[in-house]
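The structure appears right after this line, and notes come after that.
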Amino acid sequence: MLRTHEAGSLRAAHAGQTVTLTGWVARRRDHGGVIFIDLREASGVVQIVFREGEMAERAHRLRSEFVVKVVGVVTKRPEGSANADLATGTIEVYATELEVLNESVALPFQIDDHIEIGEDTRLRHRYLDLRRSGPANNLRLRSEVNRIAREVLHAERFVEVETPTLTRSTPEGAREFLVPARLQPGSWYALPQSPQLFKQLLMVAGMERYFQIVRCYRDEDFRADRQPEFTQLDIEMSFVDQDDIIALGEKILTAVWKGTVGYEIPRPFPRITYADAMAKYGSDKPDLRFDLQLTDLTEFFKDTPFRVFQTPYVGAIIMPSGASQSRRELDGWQDWAKQRGAKGLAYVLVGRDGTLGGGIAKNLAEAEREGLVKAVGANPGDCIFFGAGEPDQSRSLLGAVRVEIGRRAGLIDENAWSFVWVVDFPMFESTASLGANDVAVGGGRWTALHHAFTSPKPEWADRFEDDPGNALAYAYDIVCNGAEIGGGSIRIHRADMQQRAFSVMGIGPEEAQERFGFLLDAFKYGAPPHGGIAFGWDRVVMQLVRTESIREVVAFPKSGGGYDPLTAAPTPISATQRREAGVDAKPAAQR
RNA sequence: GGUCCUGUGGAGCAGUUGGAGUGCUCGCCGCCCUGUCAAGGCGGAGGUCGCGGGUUCAAGUCCCGUCAGGACCGCCA
């Protein structure tokens with residue numbers, strides 16, 4: 001090493017020692033006769049002192065982010081000049097030699113922890129952004145998360161296996177990224193949305209316990225918590241049931257949380273069924289950091305004269321103290337709801353004396369006005385929001401209102417951790433509710449909610465095709481503070497049941513063979529019962545560092561249009577590249 | 001595909017009902033300075049106000065279009 005010590009490791013005990021340090025000039029305070037330099041490297045910061053004569057003369061020419069090698073003597077700081085904000089604050093290094101290893105041109109932004117910089121600029125110079133402690137710590141913490149998870153899994157005798165990233169296109173969920181195959185012009189690889197099929201093959205292969213920290217690719221639109229390439233901790237086990245996977249998931253998460261942020265997650269984690277989550281919280285990823293619940297008022301309003309509430313479902317949620325909102329704030333809710341595709345957001349205000357006012361109060365029947373406050377459990381001064389229409393859509397809207405209330409009313413404890421397993425997901429969802437350009441598996445009325453290989457729960461094993469809309473799957477999600485950070489299922493391992501599931505989704509034997517033949521073939525050779533889980537690894541780290549943006553936990557993230565602000569990818573390719581890649585090859589006539 | 005927000009020296013922001021020279025903080029360059037630690041003082045450089053069009057005597061400001069970024073809806077098993 002070019003240095004004898006790490007700058008951030010120096011303490012009073014080193015006083016008197018001559019050390020050689022290397023690092024970046026973080027900040028300089030030039031007093032003419034004495035010059036202070038904050039030397040920064042990965043371990044931390046230490047103050048270097050240059051005094052009169054040649055040393056000061058040369059230090060005077062140092063600039064921000066010059067890379068230097070300094071030889072000097074560790075010295076206790078003079079009385080009263082210690083810096084309690086620095087780990088090395090009791091000492092400083094008196095420089096006796098200075099070598100500039102490299103210079104730096106003027107920076108596009110200051111490398112300073114307490115300065116805000118636009119994200120655009122940060123990402124264009126991400127290598128400078130990462131010199132700041134916040135972004136750097138995020139990457140280091142992510143590395144720790146990886147280490148801890150690997151330790152848990154290795155201790156449980158899991159096998160880390162790499163699966164292909166150039167693989168077969170198997171349209172099942174998200175849009176895929178495609179890669180032209182030079183050696184077979186006209187044919188294309190797909191980048192995996194997840195290693196789903198491969199990990200199931202590894203179960204057939206007798207690995208029994210597989211895991212992988214793996215990059216996945218989905219060519220879908222962005223969100224604050226989505227990137228086109230993202231990472232999963234992918235796990236699959238044989239001879240297990242749902243409780244075994246859940247127990248393992250809890251083991252990993254508790255170890256990760258304890259080892260990084262020092263929080264001991266109480267075990268077992270609570271569980272809630274999908275049906276309950278939707279009914280009580282209007283979401284399949286309920287944020288249980290606050291207790292607000294939806295109230296089902298369908299029965300209460302069954303004879304209502306108010307036409308808007310003459311619907312299959314009417315529900316309500318309370319905003320505590322919401323009656324004091326201004327007209328403008330209440331109008332704001334209407335805009336907010338309309339932006340989510342609702343017609344509006346009906347509400348009533350509960351007055352100090354318990355009488356109803358505002359919004360739709362005057363549209364309700366006398367008896368309804370009298371019974372409403374008790375029916376929803378409101379207090380004087382509250383605001384009651386309503387959702388009416390189809391159950392799914394109305395609950396989703398109220399669920400979104402719930403989260404928004406939590407935010408606006410300050411009901412969320414930002415230091416809390418709330419974990420919950422959502423279990424008993426429906427096996428299928430109706431394709432009627434899907435948008436026109438959705439990539440549904442098969443051409444049937446039903447499509448898999450989780451994925452096509454998800455097993456029904458035992459009580460539905462013999463009859464899921466009789467009532468696909470209500471059949472429950474052995475599928476589960478893990479939710480942390482209202483964010484889905486992982487999910488999995490017990491898989492179907494028998495060909496006959498798989499075929500039945502396919503037929504509900506309108507996939508006949510021939511089509512199944514064409515699409516998933518390699519998996520179905522494998523299952524003919526004694527596939528063990530198996531199941532697994534995949535954690536959205538970026539989202540796990542997002543939770544740990546308490547950020548809303550996935551870009552904060554990715555080393556070199558992409559921005560909105562899939563654009564990489566640093567490398568400017570994607571770029572056009574040359575005519576030669578086009579020819580070689582076979583991008584323009586005419587496909588053989590469709591059969 | 002849709003809705004909303006933002007775009008002003010290198011960075012972060014301000015700029016009123018349209019009105020005289022676009023201002024502030026930080027950084028950058030030079031000089032001064034022996035105890036600072038987000039050092040301080042003096043001086044200086046640096047701006048097609050994202051781009052195009054329109055309204056007007058006059059546009060950073062109003063209107064239309066467009067581009068880029070962000071958030072959300074759709075979409076993401």
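Everything numeric in this text was worked out from a predicted model, so none of it was measured. Here is the naming used below: chain letters follow the sequence lines, and residue numbers restart at 1 for every chain.
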### Query
How about A/Phe66 and A/Trp24: are their ring centroids closer than 6.0 Å?
no
### Query
A/Asp225 CG to B/C75 P: how many Å, rounded?
16 Å
#### Entry: A/Asp538 CG - B/C76 C1' separation (whole Å)
14 Å
### Message
Using the C1' atom as the point on both nucleotides, what is the distance between B/C49 and B/G43, in whole Å?
### Response
27 Å
### Query
Which pairs count as side chain to side chain donor-acceptor pair (under 3.5 Å) when at least one residue sits in residues 28-37 of chain A, sequence neighbours excluded?
A/Arg29-A/Asp38, A/Arg29-A/Gln47, A/Asp30-A/His60
### Message
Please confirm whether the ring centroid of A/Phe502 lies under 6.0 Å from the ring centroid of A/Phe516.
### Response
yes
### Task
Mind running a 4.0 Å heavy-atom check of residues 118-126 of chain A against RNA chain B and sending the residues that fall below it, in number order?
A/Gly118, A/Glu119, A/Thr121
### Task
Tell me what A/Pro78 touches on the nucleic acid: a base, only sugar-phosphate, or nothing, going by heavy atoms under 4.0 Å.
base
### Query
Where the side chain of A/Arg340 is defined as all heavy atoms beyond and including C-beta, which of B/C76, B/C72, B/U36 is the nearest nucleotide?
B/C72
### Query
Among the nucleotides B/G10, B/C26, B/A71, which one has an atom lying closest to any side-chain atom of A/Arg551?
B/A71
### Nucleotide forming a Watson-Crick or wobble pair with B/U66, both distances under 3.5 Å
B/G50
### Message
Quick check on the 6.0 Å ring-centre criterion: do A/His14 and A/His5 meet it?
### Response
yes
### Task
Indicate whether any N or O donor in one side chain lies under 3.5 Å from an N or O acceptor in the other, for A/Gln325 and A/Trp333.
yes
### Task
Look at all strands and tell whether A/Ala475 reaches a base, only sugar-phosphate, or nothing, counting heavy atoms closer than 4.0 Å.
nothing
### Query
Between the main-chain N or O of A/Leu520 and the side-chain N or O of A/Gln498, is there a donor-acceptor pair closer than 3.5 Å?
no
#### Entry: Closest listed nucleotide, where the reference is the side chain of A/Arg29 and the choices are B/G10, B/C72, B/A39
B/A39
### Message
Please report the distance separating the C1' of B/A58 from the corresponding atom of B/A45, rounded so that it comes out in whole Å.
### Response
31 Å
### Query
Of the candidate nucleotides B/A11, B/C75, B/C37, which contains the atom at the shortest distance from the side chain of A/Glu220?
B/C75
### Query
Do A/Arg168 and A/Tyr189 have side-chain heavy atoms sitting under 4.5 Å apart?
no
### Query
Which residues, if any, of residues 87-97 of chain A bring a heavy atom under 4.0 Å of RNA chain B?
A/Glu92, A/Tyr94
### Query
Of the nucleotides B/G69, B/C72, B/C37, which has the atom closest to the A/Gln47 side chain?
B/C37
### Query
Hey, are A/Tyr210 and A/Asp234 close enough side-chain-wise for a donor-acceptor pair under 3.5 Å?
yes
### Nearest-Å distance once atom C1' is located in both B/G47 and B/G23
12 Å
### Query
A/Asp335 near the nucleic acid: base, sugar-phosphate alone, or nothing, with a heavy-atom cut-off under 4.0 Å?
nothing
### Gap between atoms CG and P, on A/Leu449 and B/C76 respectively (whole Å)
11 Å
### Message
Under 5.5 Å centre to centre and under 30° between planes: does that hold for A/His114 and the six-membered base ring of B/A38?
### Response
no
### Summary
Comparing A/Gly33 with A/Arg539, nearest RNA chain B nucleotide closer to 5' gives the residue A/Gly33
### Task
Using atom CD of A/Glu429 as one end and atom C1' of B/C76 as the other, report the distance to the nearest whole Å.
12 Å
### Query
Taking the side chain of A/Arg51 as its heavy atoms from C-beta onward, which of B/G35, B/A11, B/A71 lies nearest to it?
B/G35
### Query
When you look at A/Thr75 and A/Glu92, which way does the side-chain hydrogen bond (donor to acceptor under 3.5 Å, both in side chains) test go after all the steps?
CA-CA 5 Å; A/Thr75 312; A/Glu92 56 198 0; over 6 Å; no
### Message
Categorize A/Gln339 for me: base, sugar-phosphate, or nothing, with a 4.0 angstrom heavy-atom threshold over every strand shown.
### Response
base
### Query
With rounding to whole Å, what would you report as the distance between B/U25 and B/A38 at their C1' atoms?
12 Å
#### Entry: 5' priority, RNA chain B, between A/Ser194 and A/Asp30 [closest heavy atom]
A/Asp30
### Query
Just how far, in rounded Å, is C1' of B/U36 from CD1 of A/Ile37?
11 Å
#### Entry: salt bridge (charged side-chain N to carboxylate O under 4.0 Å, His left out) partners of A/Glu65, counting only residues at least two apart
A/Arg40, A/Arg131
### Query
Watson-Crick or G-U wobble partner for B/A58, using a 3.5 Å limit on both distances?
none
### Query
Residues in salt bridge (charged side-chain N to carboxylate O under 4.0 Å, His left out) with A/Asp129, at least two apart?
A/Arg122, A/Arg126, A/Arg132
Tabulated below should be each protein N or O lying under 3.5 Å from an N or O of nucleotides 27-29 of chain B; please produce it.
from: B/G27; atom 1: O4'; to: A/Gln110; atom 2: NE2; distance (Å): 2.7
from: B/C29; atom 1: OP1; to: A/Arg63; atom 2: NE; distance (Å): 3.1
from: B/C29; atom 1: OP2; to: A/Arg63; atom 2: NE; distance (Å): 3.4

### Task
Scan A/Gly341 against the nucleic acid and name what it touches under 4.0 Å (heavy atoms): base, sugar-phosphate only, or nothing.
nothing
### Task
Determine whether the aromatic ring centres of A/Phe50 and A/Tyr94 lie less than 6.0 Å apart.
no
### Task
Assess whether one donor atom and one acceptor atom, taken from the side chain of A/Arg226 and the base of B/C75, lie less than 3.5 Å apart.
yes
### Query
If you look at every strand shown and take non-hydrogen atoms under 4.0 Å, does A/Ser559 touch a base, only sugar-phosphate, or nothing?
sugar-phosphate
### Query
Any chance NZ of A/Lys558 has more than 12 other-residue heavy atoms, nucleotides or ligands included, within less than 6.0 Å?
yes
